[in-house]
Amino acid sequence: MKRKVKMKVKGFKAIDGAGVNLVRVLGNQTTKEFDPILMLDSFDSTNPEDYTAGFPMHPHRGIETISYVSRGKMVHRDSLGNEDGISDGEVQWMNSGSGIMHEEMVPAAERLLGVQLWLNLPAKDKMSKPSYNSIKKDAIKEIEIEGGKIRLLAGTYEEYQGYRGDYLPMDYYDIHLRSNAEITLNMAMDDSVMIFTLLGDVYINNELIEEKTAVKLTEGDSLTIKNSEKDAQVLYMNSKALHEPVAWAGPIVMNTQEELQKAFSELRNDTFIKEKVEY
């Protein structure tokens, strides 16, 4: 059964961090439909003044943050002692778990193009040990397909294996389609599947999906994406819905208001970080 469009969301301009201009696509109004993906922010600018203020040190708990920089650079530093940078075509994958402080600085580049996702953690893993991983170019398989290519950012595609997170499964593809090309993807009937049109317009079941649009798909075991006249770049994300309550405030996502209140109380009294750097 082919998947169809269930919900389309176009983002709105927002400012976050220390003054970063971005497009917020998914947020606290879309958690049920796009479960387990909580947030999607899109970045696309040729003006460094839009983003070089970056995201100074701030806390997270209860989520995994996944940043894909298709073009440009991002430099990460956190309370676990990690310092790392990613650039053109690479991924930063952080599990905030029980609590982490981190910063993401964005140096000037010819163009900044990419997205950040928040992937929810199951209730049983909310207080897991935080971790940071980067997925560099040499770990990302580029698979030629008719009419384009797939960059396997994470998960699996047919017989190919990519990076795997420790908690929720996630297949994450960066699909490049030349003009008038199409691709059909297969998946389990009840997988939670969405796409985001990073560049260009595409069609699903003859329905136009404009650039910078997030689309949640109905249940089904296949999805066909058709391109229009111009080259397109589509991000495909496939995971498992949690069907758990979401209690979300700022950078922290838990399951109950009591858990949220406890997290902010711990931030105030300096007991938020459970995993310390060992020297």
Side-chain angles (χ1 to χ4, degrees), residues 3-14 16 20-45 63-72 74 88-93 111-120 135 140 148-155 157 162 165 168 170-177 181-185 187 191-205 207-218 220 223-228 230-241:
R3 290 189 180 235
K4 301 176 182 178
V5 174
K6 183 177 183 181
M7 183 179 187
K8 292 193 291 189
V9 181
K10 287 210 74 169
F12 58 91
K13 291 182 179 180
D16 208 337
V20 176
N21 289 276
L22 51 82
V23 174
R24 180 141 295 161
V25 185
L26 303 181
N28 58 16
Q29 302 301 309
T30 55
T31 56
K32 185 175 180 181
E33 288 291 351
F34 284 82
D35 179 15
I37 293 173
L38 298 167
M39 192 193 79
L40 189 153
D41 281 347
S42 172
F43 310 90
D44 189 355
S45 176
I63 58 173
E64 297 187 83
T65 66
I66 305 167
S67 301
Y68 176 46
V69 178
S70 180
R71 301 183 201 174
M74 182 177 285
D88 300 336
E90 297 180 330
V91 178
Q92 170 187 296
W93 192 302
R111 183 179 188 180
L112 176 66
L113 176 69
V115 300
Q116 182 176 95
L117 307 175
W118 287 8
L119 181 65
N120 203 3
I135 311 170
I140 296 173
K149 67 179 179 180
I150 291 176
R151 302 189 71 245
L152 180 55
L153 305 181
Y157 172 72
L168 278 181
M170 185 174 180
D171 295 334
Y172 193 5
Y173 309 157
D174 174 19
I175 303 170
H176 295 246
L177 291 175
E182 69 175 67
I183 182 174
T184 296
L185 301 165
M187 68 286 295
D191 285 351
S192 178
V193 177
M194 66 166 285
I195 68 163
F196 179 69
T197 44
L198 186 65
L199 289 176
D201 304 336
V202 298
Y203 290 88
I204 295 175
N205 281 25
E207 185 169 347
L208 175 65
I209 313 298
E210 295 180 338
E211 182 175 297
K212 303 292 192 291
T213 301
V215 177
K216 182 64 190 284
L217 286 309
T218 60
L223 169 67
T224 299
I225 302 169
K226 295 184 179 181
N227 196 11
S228 56
K230 297 181 180 179
D231 290 358
Q233 188 173 353
V234 180
L235 302 181
Y236 168 91
M237 303 134 207
N238 178 351
S239 189
K240 296 291 185 182

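When a residue number appears, it is its place in the shown sequence, counting from 1. Side chains included, hydrogens not; waters and symmetry mates left out as well; all remaining heavy atoms used.
Once rounded to the nearest 0.5 Å, the distance linking CG of Leu235 with CE of Met194 reads 8.5 Å. A distance of 5.5 Å separates CG of Leu185 from CE of Met187, quoted to the nearest 0.5 Å. Distance CG/Leu119 to CG/Leu168: 5.0 Å, rounded to 0.5 Å. For the atom pair CG (Leu117) and OG (Ser67), the distance works out to 8.0 Å, reported to the nearest 0.5 Å. Distance check: Ile66 CD1 to Ile135 CD1 gives 8.0 Å after rounding to the nearest 0.5 Å. Between the NZ atom of Lys230 and the CG atom of Leu199 there is a distance of 11.0 Å, given to the nearest 0.5 Å.
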Check residues 208-217 and write down every donor-acceptor pair under 3.5 Å in which the side-chain atom is one partner and the other belongs to a residue at least two apart or another chain.
residue : atom : partner : partner atom : Å
Glu210  : OE1  : Lys10   : NZ           : 3.3
Glu211  : OE1  : Gly200  : N            : 2.7
Lys212  : NZ   : Asp44   : OD2          : 2.9
Lys212  : NZ   : Leu198  : O            : 2.6
Thr213  : OG1  : Glu210  : O            : 2.8
Lys216  : NZ   : Glu33   : O            : 2.6
Lys216  : NZ   : Ser192  : OG           : 3.4

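Screening Tyr68, Tyr173, Tyr172 for a side-chain hydrogen bond (donor to acceptor under 3.5 Å, both in side chains) with Arg151, the sole residue that qualifies is Tyr68.
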Starting from the C-alpha separation in whole Å, work towards a yes-or-no answer on side chain to side chain contact (heavy atoms under 4.5 Å, CB included) for Gln233 and Asp174.
CA-CA 7 Å; Gln233 188 173 353; Asp174 174 19; 3.1 Å; yes

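The two residues Met39 and Leu26 make their nearest non-hydrogen contact at CG-O, 3.3 Å. Nearest approach of Leu152 to Gly162, heavy atoms of both residues: CD2-N, 3.6 Å. In this structure, Pro36 and Lys240 approach most closely via the heavy-atom pair CG-O, 3.4 Å. Nearest heavy atoms, Gly89 versus Ile140: O-CD1, 3.3 Å. Phe196 approaches Met237 most closely through the heavy-atom pair CB-CE, 4.1 Å. When all heavy atoms of Val115 and Leu40 are compared, the closest pair comes out as CG1-CD2, 4.2 Å.
Under a 3.5 Å cut-off, the side chain of Ser70 and the backbone N or O of Leu113 do not form any donor-acceptor pair. Between the side chain of Arg3 and the main chain of Thr218, a donor-acceptor pair closer than 3.5 Å is present.
A 4.5 Å side-chain heavy-atom check between Leu223 and Ile195 finds at least one atom pair inside the cut-off. Under the 4.5 Å side-chain criterion, counting only non-hydrogen atoms from C-beta, Ile183 is in contact with Ile150. At a threshold of 4.5 Å between non-hydrogen side-chain atoms, the residues Glu64 and Met170 do not count as touching. Using a 4.5 Å heavy-atom threshold, the side chains of Gln116 and Phe43 count as touching.
A 6.0 Å sphere centred on NZ of Lys226 holds no more than 12 heavy atoms belonging to other residues, nucleotides or ligands.
Every salt bridge (Lys or Arg N to Asp or Glu O under 4.0 Å) that Arg24 has, sequence neighbours left out, goes to Asp16, Asp41.
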